[in-house]
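Notes to accompany the following structure.
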Amino acid sequence: MWIVAAFITMICFGLNNIIFKWSTGKGYSKVHIQFFFYFVAFLLSLGYGMIAGMAQFNLLTIGLGALIGILNANGNIQMSKAFEKGPASLTSPLIGTNALFPILSAALIFHEHITPMQWVGIVLMLGSAIVIQYSPKAGGNIQYSSWIIRIILAIFSFGALGILMKTSSYLHFDSLNTLISMYGGGSIYLAINSLVGKEKWILREANTGALVGLISVIGYSSYFFALNTGTASIVFPIVSLNCLIVVLGGCWVFKEKLKKYQLFGVVAAVLGIVFTKI
């Protein structure tokens with residue numbers, strides 16, 4: 001069952017990224033989609049906690065969880081903007097290289113050993129990033145530089161998030177409390193962003209955001225179940241392969257095409273992500 005749960009998480013995360021890509025094509029506000037996503041997920045996780053029971057909150061858990069939520073929201077926004085500037089089939093694997101940050105922090109901060117297999121994964125991901133970004137005809141493409149900048153910002157946001165998630169686990173914070181704080185803090189951050197940006201609200205944004213929030217809760221619930229009952233070294237590679245869902249979505253749904261060298265880069269990025277989690 002825990003392997004099934006890991007695959008459910010992989011599918012949920014991949015579907016959410018495809019929805020983000022689709023929503024950018026519809027002209028929906030990235031901030032509003034994220035707000036409704038976070039708010040619905042906050043209500044669902046809080047409601048579950050009130051029914052099933054939850055541990056007592058403390059300021060450190062709330063602060064760390066809120067910061068994780070803000071980083072995740074910013075990473076998703078940057079990823080959505082990257083989807084506007086470049087193909088989803090390349091964007092998602094590139095952003096997936098953020099795994100470098102928690103891996104290196106685990107060695108430098110938490111004194112965990114990085115295996116030779118993980119170093120192979122690191123080299124593969126760095127090499128794939130160079131291969132995928134290479135485009136002989138990109139010199140006159142104004143969108144290319146913006147695409148790279150958004151990807152870098154998303155990588156740093158998700159990378160810092162991974163370090164904080166590791167910190168939360170290291171300090172033995174309750175996962176449900178962290179999740180509630182994450183969704184709550186992200187909702188406040190996105191609401192402030194909307195007020196500052198003075199964007200118009202559309203009902204369809206609420207419907208799309210609510211769908212993403214529901215999928216996210218299912219994905220994270222399955223994630224926690226898989227980690228609590230299964231083998232983490234197997235769960236992580238399965239979940240990391242959510243980028244394949246986006247690659248297939250980019251090719252099939254959005255009719256994007258990959259060049260041979262780019263396809264090689266995508267495969268190398270996926271292998272690198274898997275190797276770093278083994």
Side-chain angles (χ1 to χ4, degrees), residues 13-34 37 70-101 121-162 190 193 197 199 205 208-209 212 240-273 276:
F13 288 179
L15 286 177
N16 276 349
N17 288 338
I18 291 177
I19 293 175
F20 289 145
K21 169 66 177 178
W22 171 83
S23 66
T24 59
K26 295 293 182 179
Y28 294 166
S29 167
K30 304 168 190 61
V31 174
H32 293 168
I33 293 291
Q34 293 289 319
F37 150 40
I70 292 172
L71 287 171
N72 191 48
N74 183 66
N76 285 330
I77 290 174
Q78 298 301 329
M79 181 175 63
S80 297
K81 291 181 178 180
F83 282 148
E84 287 182 340
K85 307 300 182 180
S89 51
L90 301 182
T91 299
S92 185
L94 276 176
I95 293 177
T97 60
N98 70 81
L100 289 170
F101 290 87
I122 290 174
V123 173
L124 278 173
M125 286 191 291
L126 291 176
S128 68
I130 296 174
V131 171
I132 292 174
Q133 292 180 41
Y134 172 71
S135 180
K137 298 180 180 180
N141 188 356
I142 301 176
Q143 301 295 310
Y144 182 77
S145 60
S146 299
W147 179 57
I148 294 299
I149 291 173
R150 297 300 181 185
I151 286 177
I152 292 174
L153 292 174
I155 288 174
F156 274 98
S157 293
F158 289 131
L161 182 154
L190 292 164
N193 267 270
E199 296 180 300
E205 294 173 343
T208 303
V212 174
S240 296
L241 293 178
N242 70 84
C243 64
L244 286 179
I245 304 297
V246 183
V247 171
L248 295 177
C251 295
W252 293 345
V253 179
F254 304 110
K255 308 303 180 183
E256 297 174 349
K257 295 182 179 180
L258 296 178
K259 297 179 180 178
K260 291 183 179 180
Y261 68 86
Q262 291 175 323
L263 181 60
F264 173 79
V266 171
V267 173
V270 172
L271 288 176
I273 294 171
T276 57

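Numbers for residues simply follow the sequence, beginning at 1.
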For a 4.5 angstrom cut-off between non-hydrogen side-chain atoms, does Ile77 reach Leu190?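 Answer yes - side chains close enough.
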Let me check something: any side-chain donor-acceptor pairs from residues 150-159 under 3.5 Å, sequence neighbours excluded? List them with distances.
residue : atom : partner : partner atom : Å
Arg150  : NH1  : Gln78   : OE1          : 2.9
Ser157  : OG   : Asn74   : ND2          : 2.8
Ser157  : OG   : Leu153  : O            : 3.1

Rounded to the nearest 0.5 Å, what separates atom CG in Asn72 from atom CG in Leu161?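 Asn72 CG to Leu161 CG: 5.0 Å, rounded to 0.5 Å.
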